[in-house]
Amino acid sequence: MADKLDSQTISLGPIGPALLKIGVIVGIIGLAAAFMGSYTTELKSERFYLSYLVNFAFYLSLSIGALFFILTQHIGRAGWSVVVRRVAEAFAANVALMFVLFGVIFIGMGEIYSWTDPDRLAHDTILQGKEPYLNTPFFLVRILIYFGVWILLTQYFLKGSVGQDSSKDPKKTEKMQMVSAPGIPITALTVTFASFDLLMSRDPHWFSTIFGVYYFAGSFLAFFSLMAIFFCVIQSKGLLKDAITVEHYHDIGKYMFGFTVFWAYIAFSQFMLIWYGNIPEETVWYIRRFEGGWETASYFLLVGHFIIPFIVLINRFVKRIPALLATIAFWILLVHWFDLYWIVMPESLKGHVGISWIDIACFIGMGGLYLAGFAFFMGDKALIPQGDPRLEESLHFKNA
Amino acid sequence: MATTAVQEIDNTSNDASRRPTLITGDLDFKGITETVCGVAEAPSAPKIWYYLMAISVLALMNLFAMIGYLITVGTGVWGLNNPVGWGWAIVNFVFWVGIGHAGTLISAILFLFRQKWRTSINRFAEAMTIFAVMCAGLFPGIHVGRVWVVYWMFPIPNYLNMWPQFRSPLLWDVFAVSTYATVSILFWYVGMIPDLATFRDRAKDKIRKFAYGILSLGWRGSSRHWSNYEWSYLLLAALATPLVLSVHSIVSFDFAVSQLPGWHTTIFPPYFVAGAIFSGFAMVITLAIPARKMFHLENIITIRHLDIMNRIILATGSMVGYAYIIEFFIAWYSGNAYETFAFINRAYGPYWWAYWTMFTCNVIIPQVFWIKKFRTSPMLMFIISIFVNIGMWFERFVITITSLSRDFLPANWGYYTPTFVDVLTFVGSFGLFLTLFLLFCRFLPIVAMAEVKAILPEAHAHHHEEDH
């Protein structure tokens, strides 16, 4: 048993380098095609940058979700999740790649964020009031702070956990638990302001205090969905087969269910309060999303992001059949992507939803780079934290 | 009670290589039964219990007097006037509903999260929840002015063909709070049945035998009983979980659906829920520290339990702090002059003292829980929990009063001062709360014995394998 377990968890094996190579190629082709293709559209390169922002927010949310997952598991001294944590650590470390990918947003900032436009600023008194916050240098400083914090934290947890593989030192776990405590408020604040900056400021007049929680809810949900898919695929390649059991899928599924409801709760709170208050400066954001084709898109989010996953995931058997769980997880990732598209696009694509092949190419391209980044950070590291003192507990974990 | 004072044992361990023990003092199954049943079976309660009971009943009588006065004279006896039409009654309502959140969170959500430590504290936290919800329900009930038609709050078909306003969150509150009260009572009672049967089986006199016999619903402890019991417990936990979030979300709607600056903001629902859990846990600490001392439960409600609760207080207190910061930031960022003013006014206006009391008690003081000494010393955590209780009352005061007292038109501004009736009614609600809680401690199983036994090492098959 032990030998078998070792051979399944020792590393990604040949999958790693293959993923790295294919990922980079797909990434370059996908993003280049999307960029060039955008010139065939009405919005020209703006179309590309917007699509890029949607996908950037999407893949960033996966890493953010992974970081929150690591932090919460450490602070709760969780036993069940030890076997799935290494993969989370590598996905979280991918924020470093996202930092590199931010470069394109920096280049396209002028087309993405209308508050960068000096002409608009000159005539817009509300914007002038916000200028101390919404200006390019301070924006970049903030981005540096966010990514700096995230890279430090994710590298700390990845390195600490990998170091423990050989040292088997339980003290390291105690240390990581200690770091996770301040890690949570720091991450919460940086993610909130990052969501304000990257997404909410697309409409620089609009504001919503819950926006950061909304982005967090989607991120956490998306990361659990990613795990369900990832483990299902990797087990079909013969890896982690005995380490991750149906019991772990069940718990991942429970989290997916819980955060499906949590997302809906937050989305409802935001929508209902703005709708009920009916103050023009707030409703403007939703009105844009209830006009033209966007109306259907908004109702689709209600059904696709909440009702369907809710009905499917409430069943026990779905959570205990990996292939089924991975299927609904894939659906959740798609609607989560669409949720971000729905947040970013209506300010520019008024009156029509207009998902085009550019978005798909961008999605696949950045996805290729994201998986390559994962393979890079995973390297030849073990697939489970071999030195974690609670590994045994996790391997033998059962849902009572 | 025969038991002498119990030594405090520090069972908080950071050692990641093994799970620390939850129950100390070598208590076995029998020891737990003896300790918990001893509280209710002792011929007389500890002396201090009688003193506390006397004070509580006095406060309760005062509550009745104040309500009587209010009903005979009218709501004019409160400090309500234009522009502040919602005063202490609503503040107290939200305060008590908030406190009534810890019990169900501990019993339902922590149950779903497999948190074994919940077993020592869930019973009396649930009891506290129910009593707090009763206190909460009191205030809107007496606020309506014509108390004799208070049943009009419910949508009852009537000859006037008159219905409550379904679009009003105050009506949603009626549904939310009454649902919550019903499910909490059911959950509490169902969980208590096996322990009530233990009381019945140990009862010496006829009255006790009869009373506990009725309450334990013919529990015989057969495996079929246990199987049904565990299913109903799981289902009730699943049903109660969304209620933990929904009740205070809907309470927050009372404010947030309006257009009043300081009330209308989208983060209110989760922010209120975090605040509710925060205040609820603080009240659990406030009650647990004296109760475990009075009834010698230090080996069941251990330092480790208290340590974990204090961590939750720290976490939820920080969430409330997060909400304060984001609200303040967005008030500025919105560019809305009224919104910005509402927040500046809170911090530096005529109610600055309330704002800074709130901020200090809720955000700054709980930060001492980063230090282990504060999390594990009963005396220190008791003091801090009192601060949190004060802070959370002031939070509701700040939200309700500051926004109402200065709205859009300066000509409408005013300053609200409570009357002695306001103050004494609030004091009286503590009388109701503590009287019920003290009665509960004396006559019902204060700790979920059956659940605590299930987490002892003896309850697991491996334990014996290791022994032999």
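Quick caveat: nothing in here was measured; it's all calculated off a predicted structure. Chain letters run A, B, ... following the sequence lines, proteins first and then strands; every chain starts at 1.
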ask   = Should the heavy atoms of other residues, nucleotides or ligands under 6.0 Å from NZ of A/K175 be counted, would the total exceed 12?
value = no
note = Max heavy-atom pairs within cutoff under 4.5 Å with chain B, candidates A/P182, A/G76, A/P185, goes to A/P182
query = Checking side-chain contact (heavy atoms from CB on, under 4.5 Å) for the pair B/N336/A/E282: CA distance, chi angles, key distance, verdict?
reply = CA-CA 11 Å; B/N336 180 328; A/E282 293 175 6; over 6 Å; no
inquiry  = Between B/D15 and A/K171, does any NZ, NE, NH1 or NH2 come within less than 4.0 Å of an OD or OE carboxylate oxygen?
reply    = no
request  = Examine whether an atom of B/L245 lies under 4.5 Å from a heavy atom of chain A, and if so say whether it belongs to the side chain, the backbone or both; otherwise answer neither.
outcome  = both
ask   = Around B/W226, counting heavy atoms of other residues, nucleotides and ligands shown, do more than 12 lie under 6.0 Å from its CH2?
value = yes
task = Examine whether an atom of B/R167 lies under 4.5 Å from a heavy atom of chain A, and if so say whether it belongs to the side chain, the backbone or both; otherwise answer neither.
result = both
Per-residue contact mode, A/D251 against chain B (heavy atom under 4.5 angstrom) = side chain
task = Kindly give the heavy-atom pair with the smallest separation between A/Y265 and B/S249, and that separation in Å.
result = OH-OG, 2.6 Å
ask   = Hey, which of A/I75, A/L127, A/T192 has the most heavy atom pairs under 4.5 Å with chain B?
value = A/T192
Minimum-distance pair of heavy atoms, taken over all atoms of B/A16 and A/P170 = CB-O, 3.8 Å
ask   = Taking everything shown except A/Y286 itself, do over 12 heavy atoms lie less than 6.0 Å from its OH?
value = yes
Under 4.5 Å from a heavy atom of chain A, the part of B/S318 involved = neither
message = On a heavy-atom basis, which atom in B/Y322 and which in A/A188 lie closest, and how many Å separate them?
response = CE1-O, 4.1 Å
inquiry  = Side chains of B/Y271 and A/T209, heavy atoms from C-beta outward: is any pair under 4.5 Å?
reply    = no
ask   = When rounded to the nearest 0.5 angstrom, what is the spacing between CZ in B/F329 and CZ in A/F207?
value = 12.0 Å
inquiry  = What's the separation between atom OG in B/S17 and atom CD in A/E174, rounded to the nearest 0.5 Å?
reply    = 7.0 Å
note = If you tally heavy-atom pairs under 4.5 Å between each of B/G335, B/P242, B/A256 and chain A, the highest tally belongs to B/A256
query = What orientation do A/Y276 and B/W172 show, parallel under 30°, tilted 30 to 60°, or perpendicular over 60°?
reply = perpendicular
ask   = Side-chain contact, heavy-atom cut-off 4.5 Å: A/F397 with B/R114?
value = yes
inquiry  = Does any backbone or side-chain atom of A/F193 lie under 4.5 Å from a heavy atom of chain B? Answer side chain, backbone, both or neither.
reply    = side chain
task = Check the pair A/I184, B/M319 against side-chain contact (heavy atoms from CB on, under 4.5 Å), reporting the backbone distance first and the verdict last.
result = CA-CA 10 Å; A/I184 287 177; B/M319 285 184 206; over 6 Å; no
Heavy-atom closest pair, residues A/G129 and B/W332 = O-CZ2, 3.4 Å
ask   = CZ/B/F268 to OG/A/S269 distance, rounded to the nearest 0.5 angstrom?
value = 12.5 Å
inquiry  = Looking at B/F408, I'd like to know if its CZ atom is crowded, meaning that more than 12 non-hydrogen atoms belonging to other residues, nucleotides or ligands lie closer than 6.0 Å.
reply    = yes
message = So which atom in B/T265 and which in A/L273 form the shortest heavy-atom distance, rounded to 0.1 Å?
response = O-CD1, 3.7 Å
inquiry  = Using modelled atom types and a 3.5 Å cut-off, is there a donor and acceptor pairing between side-chain atoms of B/T266 and backbone atoms of A/Q270?
reply    = no
Winner by heavy-atom pair count (cut-off under 4.5 Å) against chain B, out of A/E393, A/M178, A/K172, A/K254 = A/E393
key: Selection from B/I330, B/I325, B/V257, B/L314 maximising heavy-atom pairs under 4.5 Å formed with chain A   = B/V257
request  = With a 4.5 Å cut-off on heavy-atom pairs, point out which of A/E281, A/M272, A/H205, A/Q177 contacts chain B the most.
outcome  = A/M272
inquiry  = With chain B as the partner, which of A/Y255, A/Y214, A/W206 has the greatest number of non-hydrogen pairs under 4.5 Å?
reply    = A/Y255
inquiry  = Classify the ring geometry of B/Y333 against A/Y133: parallel below 30°, tilted from 30° to 60°, perpendicular beyond 60°.
reply    = perpendicular
key: Considering all heavy atoms, the nearest B/W370-A/A181 contact   = CZ3-CB, 3.5 Å
